[in-house]
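Residue numbers begin at 1 in each chain, while the letters A, B, ... track the order of the sequences. Heavy-atom basis, side chains included; hydrogens, waters and symmetry copies ignored.
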2 protein chains.
Amino acid sequence: MKTPKISEAVVRRLPVYLRFLNELSRRNVQMVSSQDLGQKLDLNPAQIRKDLAYFGEFGKKGIGYDVGYLIEKIRQILKLDQLIPVALVGAGNLGRALCNYNAYLRDNMKIVAVFDSSPEKIGVQINNLTVLPMSALVETIRELKVRIGIITVPAFEAQVVANQFVEAGVEAILNFAPVIIKVPSEIRVHHADFTTELQSLAYYL
Amino acid sequence: MKTPKISEAVVRRLPVYLRFLNELSRRNVQMVSSQDLGQKLDLNPAQIRKDLAYFGEFGKKGIGYDVGYLIEKIRQILKLDQLIPVALVGAGNLGRALCNYNAYLRDNMKIVAVFDSSPEKIGVQINNLTVLPMSALVETIRELKVRIGIITVPAFEAQVVANQFVEAGVEAILNFAPVIIKVPSEIRVHHADFTTELQSLAYYL
DNA sequence: TAGATTGTTAATCGATTAACAATC
DNA sequence: TAGATTGTTAATCGATTAACAATC
């Protein structure tokens, strides 16, 4: 489990593997080959084998991969074998959608705090969480040991929220606002903006 | 405006350029250099120049790019100079969030129809659209000349919805469901699943 | 003119794919 | 044993970056 420069492309595929493996597990499938995986996930089998081989020898030659064992290993790699507290800022439609999405509960990620800047949102209940004011952000995040912050505020507020996350000691940020946010290099930011997604799709019409 | 094999990476950056150029335009900035852009967007200036050069000579040597002109050109490239009707299936939290997101209205994309399979959702008003039953999907999409379909249903329903989109003649699909959907190769699919996004982020903790 | 910045070619870097020995 | 599939090296492919002549 050392890190000999794993590319981002590899890391992004791991959750996709995990998701499908979980489905196989639910269907009580015991073993799976890189060929099977490749077919279902539209990926080259050699690539899948190579991706996994970065982290260890998880398969059996001539047989394939044990589904349960591989799930366990990928969860370890992604650090999903521990509870990861997440905070979200922006209790709008998107924010509420993410809160209600409990799919990641199974994978040990949990939104433990929700914040908003507008007074009429504060105190509102979302999925047994009470929306807190921005003034409570830094302290609450420190108390709850939040490691990942999600930003679902309008673009013009995103950088301010990011700054607060950084101040509070968050290690990674998932930004849904349509703007590039700047943070110190030791903090990881992923951008998940669906307007750019939709616009790039238009190119192929 | 011919297509000498433009890579997906290039196409994905164009909306990011466009977004920032729009902001410059709002601020009445006339000209911008690849250096400026690169700094703001965390990209290599040479890459930006190369990306744009695939589509034409939009800049002026020694000067930079005219903001308004570049906006116009990128909008043409992305086909955002015409109205693009979009349909959405799945009137849950995420679906409603996307409907309310009117940011893409400015960019000529418009959600013109919303569908859901559960009876209690049908007839509900979302942003002056009435949620329609799945049985109306194919006919409505053909009538409204919908070109892009958005899927915000649970994973187990996503493939069925995709099949209906294909039958109705949609040209591209944006899938938010956490599952790989299979469509004929002439139809473009982008996956925008934030659970995989969040999980890959955990790797970097 | 001098300084700046593009468009483009060449060099570098990195990621994907093919191939195959090892082995279950 | 024969067939299948991994782990891994080598080959290929593609994308990013550097460099610089052209030129505003």
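Using a 4.0 Å cut-off between charged side-chain N and carboxylate O, B:E23 and B:R19 make no salt bridge. A salt bridge links B:R188 with B:E8; the closest basic N to acidic carboxylate O contact falls under 4.0 Å. Of the charged side-chain nitrogens involved, none lies within less than 4.0 Å of a carboxylate oxygen, so that A:R75 and A:D81 do not count as a salt-bridged pair.
In this structure, the CD atom of B:E57 is 13 Å from the C1' atom of C:dT5, given to the nearest Å. Atom C1' of nucleotide C:dC13 and atom NZ of A:K5 are separated by 13 Å, given to the nearest angstrom. Nucleotide D:dT8 holds its P atom 14 Å from the CZ atom of A:F55, rounded to whole Å. Atom CD1 of A:I48 is separated from atom P of C:dA15 by 17 Å (rounded to the nearest Å).
A donor-acceptor contact closer than 3.5 angstrom is absent between the side chains of B:Q35 and B:R49. A side-chain donor from one of B:N163 and B:Q159 sits under 3.5 Å from a side-chain acceptor of the other.
Remark: B:K60 fails to qualify as a cation-pi partner of B:Y65 under the 6.0 Å distance and 45° angle criteria applied to the six-membered ring. A cation-pi arrangement is absent between B:K73 and B:F55, since the terminal nitrogen or guanidinium carbon is not both under 6.0 Å from the aromatic centre and inside a 45° cone about the axis.
Checked by atom type and distance alone, the side chain of B:N127 never pairs as donor or acceptor with a backbone atom of B:L129 at under 3.5 Å. Remark: the backbone N or O of B:R96 is paired with a side-chain donor or acceptor of B:N100 at under 3.5 angstrom.
DNA chain C lies under 4.0 Å from at least one heavy atom of each of the following residues of residues 28-41 of chain B: B:S33, B:S34.
With contacts defined as side-chain heavy-atom distances shorter than 4.5 Å, the pair A:R13/A:L43 qualifies.
Remark: DNA chain D forms stems of 3 or more consecutive Watson-Crick or G-U wobble pairs, all pair distances under 3.5 Å, at C:3-24 with D:3-24.
Closest of all the heavy-atom pairs between B:V183 and B:A162 is CG1-CB, 4.3 Å.
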Report task. Summarise how protein sits on nucleotides 16-24 of chain C as a single string, 5' to 3': B when a protein heavy atom is under 4.0 Å from the base, S for sugar-phosphate-only contact, - for no contact. Result -> SBBB--BBB
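OP1 or OP2 of D:dG7 sits under 4.0 Å from a side-chain N or O of A:Y65.
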